[in-house]
There are 2 protein chains.
Amino acid sequence: MSKKPITIHDIAEIAKVSSATVSRVLSNSNYPVSKELQIRIRKIAEESNYIPNMLGKQLKNNTSTTIAVIIPSISNPFYSSVVQGIEETARENNYTVITCNSQQDPALEEEYIRTIMQKQIKGLIISSISDDKTLLRSCMQMGLNVVAIDQVIEEDQVSQIKFNYEKGGYMGTKHLIELGHRQITYLTSKLDRPSRRSIYKGYKIAMEEAGLAPVSIESGAEELYNAIHDFDLGKKLADKVLALSDKPSALFVCNDMMAFGVINRLADKNMQVPEHISVIGFDGIDFGMMIHPALTSVKQPDYEMGKMSCKLLFDKINNEAVAAYDIVLQPQLVIRKSVKPLQ
Amino acid sequence: MSKKPITIHDIAEIAKVSSATVSRVLSNSNYPVSKELQIRIRKIAEESNYIPNMLGKQLKNNTSTTIAVIIPSISNPFYSSVVQGIEETARENNYTVITCNSQQDPALEEEYIRTIMQKQIKGLIISSISDDKTLLRSCMQMGLNVVAIDQVIEEDQVSQIKFNYEKGGYMGTKHLIELGHRQITYLTSKLDRPSRRSIYKGYKIAMEEAGLAPVSIESGAEELYNAIHDFDLGKKLADKVLALSDKPSALFVCNDMMAFGVINRLADKNMQVPEHISVIGFDGIDFGMMIHPALTSVKQPDYEMGKMSCKLLFDKINNEAVAAYDIVLQPQLVIRKSVKPLQ
DNA sequence: TTGTATGCGTTATCAC
DNA sequence: GTGATAACGCATACAA
């Protein structure tokens with residue numbers, strides 16, 4: 001049984017003024033109110049533990065101080081770092097963040113987008129899994145500001161934090177080649193998303209440039225997504241490598257979690273990394289430094305990606321005139337211990 | 001420039017009925033409306049892409065379909081699993097979740113709580129860092145439903161998902177003793193939180209029961225919190241162990257992230273786990289299976305903790321009469337590869 | 001400088 | 001079964 005919260009009208013009554021005046025003071029409007037009244041009203045508000053009701057405010061102004069984030073899964077460390085960056089930037093701007101896990105399910109993604117619209121949220125940062133952008137498009141027409149991360153959305157009005165996946169794939173492969181590796185196999189989950197295809201493309205270009213034959217092993221389609229799914233996928237791919245009669249000297253794995261699985265299974269079968277075989281990952285998540293051997297990887301700046309996407313979003317929200325623009329983040333090689341130079 | 005969204009009034013006008021009737025139909029009220037009108041109104045709503053405005057609804061009804069979660073940091077895998085559980089359960093109930101990272105900072109925690117109240121949110125799941133519960137208490141009086149996880153809050157009305165930390169500490173220690181270990185050192189971050197003290201207590205009881213002398217190494221106070229902070233802390237504690245002339249045969253580390261750091265530093269100094277020294281962790285996060293050696297740990301059911309806390313919260317929200325009740329989750333030993341039996 | 005009145009989109013109360 | 005109207009809490013156009 002909670003007592004009814006006090007409103008500006010209650011304060012107005014106590015102060016013997018109109019609620020308009022109270023509103024002007026308490027909402028920090030620059031509308032002129034006498035110093036004396038300001039003090040009196042603030043005092044009463046303080047004493048009565050007044051809490052402004054943002055619902056009323058937002059309904060009136062058609063504004064919102066909440067943004068939404070749609071990602072595949074928060075328990076994936078890459079995305080949790082992204083969200084951390086978003087949340088910090090949002091808080092600095094006095095916004096709160098609604099986090100939505102799409103679980104790689106287009107239907108869920110759509111459900112979330114609908115809810116977001118109903119809640120009158122004006123800003124969305126999304127790693128979209130769905131191919132069908134008609135809903136998103138109509139939401140943008142109705143005023144939703146959208147920033148795409150991780151997965152490109154080819155729509156006008158959608159700003160993007162892009163990442164140069166292709167260059168990343170190229171860099172990682174080049175690194176192995178420069179260390180003397182010739183037989184480099186690319187291990188990947190199903191190549192059904194643009195980001196994955198780009199990494200693979202970069203790998204292929206680097207191989208061909210060096211006159212080497214690209215070889216890839218691709219996993220089947222994914223079932224429902226969860227935290228350790230990629231890890232298990234990595235194990236399965238490692239099994240396929242182990243079954244090869246002519247084994248490569250290095251493995252390029254399409255993300256770190258899968259690389260962990262690869263290394264783990266290899267170790268189980270007494271193939272030491274990097275002594276017997278070298279492994280390089282992709283993403284450069286912090287956990288890479290915690291495993292043995294510490295994982296060499298192509299770093300995708302997760303936390304920074306979160307911060308930038310949020311800044312970009314606020315730019316759009318506060319500045320309707322501004323044209324949509326993209327930011328392209330560059331990959332960086334994180335050299336640790338999982339790659340051995342070949343003489 | 002977004003066009004004005006359509007409302008029940010617009011639909012009423014098109015259908016030549018009153019907005020009251022439209023509301024009755026579209027809000028699925030059980031108020032009687034003729035079949036014919038129902039169909040007509042739904043058709044128009046559909047065709048015009050009507051999106052209900054939850055702000056209006058909530059302002060009118062003083063309800064909310066958003067809950068908030070306050071945790072130290074989403075980039076800590078333990079909490080990201082908790083949040084995953086919360087978010088899934090919330091979505092099943094058509095609620096969305098606002099995630100707040102307190103960074104172990106009481107001031108930030110308070111700031112978030114105030115925002116939550118302003119947004120008229122009725123439910124909060126919190127791992128509280130603050131000692132001062134006066135704000136939280138007054139919020140509960142104003143109708144906020146609170147469920148505490150991870151850190152106990154001794155207040156009436158606060159329901160808790162407790163975890164039997166002491167038993168966990170006892171179990172882990174007992175496991176080492178049963179495998180023949182006699183010199184077991186407990187490695188911990190600063191014992192300033194109840195949960196940490198309880199684990200230590202369990203360790204101590206098990207040691208004393210076996211006639212062994214408890215030995216602990218405690219780190220200094222923590223600075224600002226972040227993802228790999230615990231990992232680095234573990235490294236530092238490992239250094240202290242390495243400096244010991246008489247080394248223990250086993251280490252009990254107060255959480256998994258720190259245990260990763262311990263193992264990592266030990267390996268750097270050519271002390272193999274578990275060949276030279278055994279290590280057991282606490283939390284049982286999934287990443288434990290990915291490192292080498294796979295970490296034996298006391299499992300705290302993170303994901304389930306999230307699910308249950310959310311269910312408990314909805315129970316309170318929907319059922320004001322119900323008395324606050326606690327749930328006590330039991331620890332479970334996850335035996336992997338980081339502990340060696342001593343003969 | 002202050003007050004009055006209205007509307008944001010919805011639902012509930014009351015009349016018909 | 002349906003409609004008119006008030007109210008939720010707030011901000012603002014307009015009046016004074």
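Note that these values count all heavy atoms, side chains included, but never hydrogens, waters or copies made by symmetry.
- In the helix from C/dT1-D/dA16 to C/dC16-D/dG1, the end axes, each obtained as the rotation axis mapping the C1' atoms of four pairs onto the next four within a five-pair block, lie 50° apart to the nearest 10 degrees.
- For B/Asn30 and D/dT2, the CG to C1' distance is 16 Å, given to the nearest whole Å.
- Separating the NZ atom of A/Lys35 from the P atom of C/dT2 is a distance of 12 Å, rounded to the nearest angstrom.
- One can place CD of A/Glu13 at 19 Å from P of C/dT2, the figure rounded to the nearest angstrom.
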| query | Run the side-chain hydrogen bond (donor to acceptor under 3.5 Å, both in side chains) check on B/Thr66 and A/Lys119 step by step: do they pass? | reply | CA-CA 10 Å; B/Thr66 305; A/Lys119 299 207 172 195; 2.7 Å; yes
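- B/Ser29 meets the side-chain hydrogen bond (donor to acceptor under 3.5 Å, both in side chains) test with no other residue; sequence neighbours excluded.
- The CD-P distance, from A/Gln120 to C/dG9, rounds to 8 Å in whole Å.
- When the side-chain hydrogen bond (donor to acceptor under 3.5 Å, both in side chains) test is applied to B/Asp326, the partners found at least two apart in sequence or on another chain are B/Lys162.
- Take B/Gln157 and apply the side-chain hydrogen bond (donor to acceptor under 3.5 Å, both in side chains) test, not counting sequence neighbours, and it matches no residue.
- In the model, B/Asn101 has no side-chain atom that pairs as donor or acceptor with a side-chain atom of B/Tyr79 under 3.5 Å.
- Between A/Thr7 and A/Asn53, the closest side-chain pair of non-hydrogen atoms is not below 4.5 Å.
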| request: Would you give a per-nucleotide map of nucleotides 10-16 of chain D, 5' to 3', where B means the base has a protein non-hydrogen atom under 4.0 Å away, S means only the sugar-phosphate does, and - means neither? | output: BBBBBB-
| task | Determine, stepwise, if the pair B/Ser73 / A/Gln84 fulfils side-chain hydrogen bond (donor to acceptor under 3.5 Å, both in side chains). | result | CA-CA 8 Å; B/Ser73 168; A/Gln84 178 94 26; 3.1 Å; yes
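- Atom CG in A/Leu55 sits about 15 Å away from atom C1' in D/dA7, given to the nearest Å.
- Among the heavy atoms of the strands lying under 4.0 Å from A/Leu59 is at least one base atom, whether or not backbone atoms are also near.
- For residues 57-78 of chain A, no pair satisfies salt bridge (Lys or Arg N to Asp or Glu O under 4.0 Å), with sequence neighbours left out.
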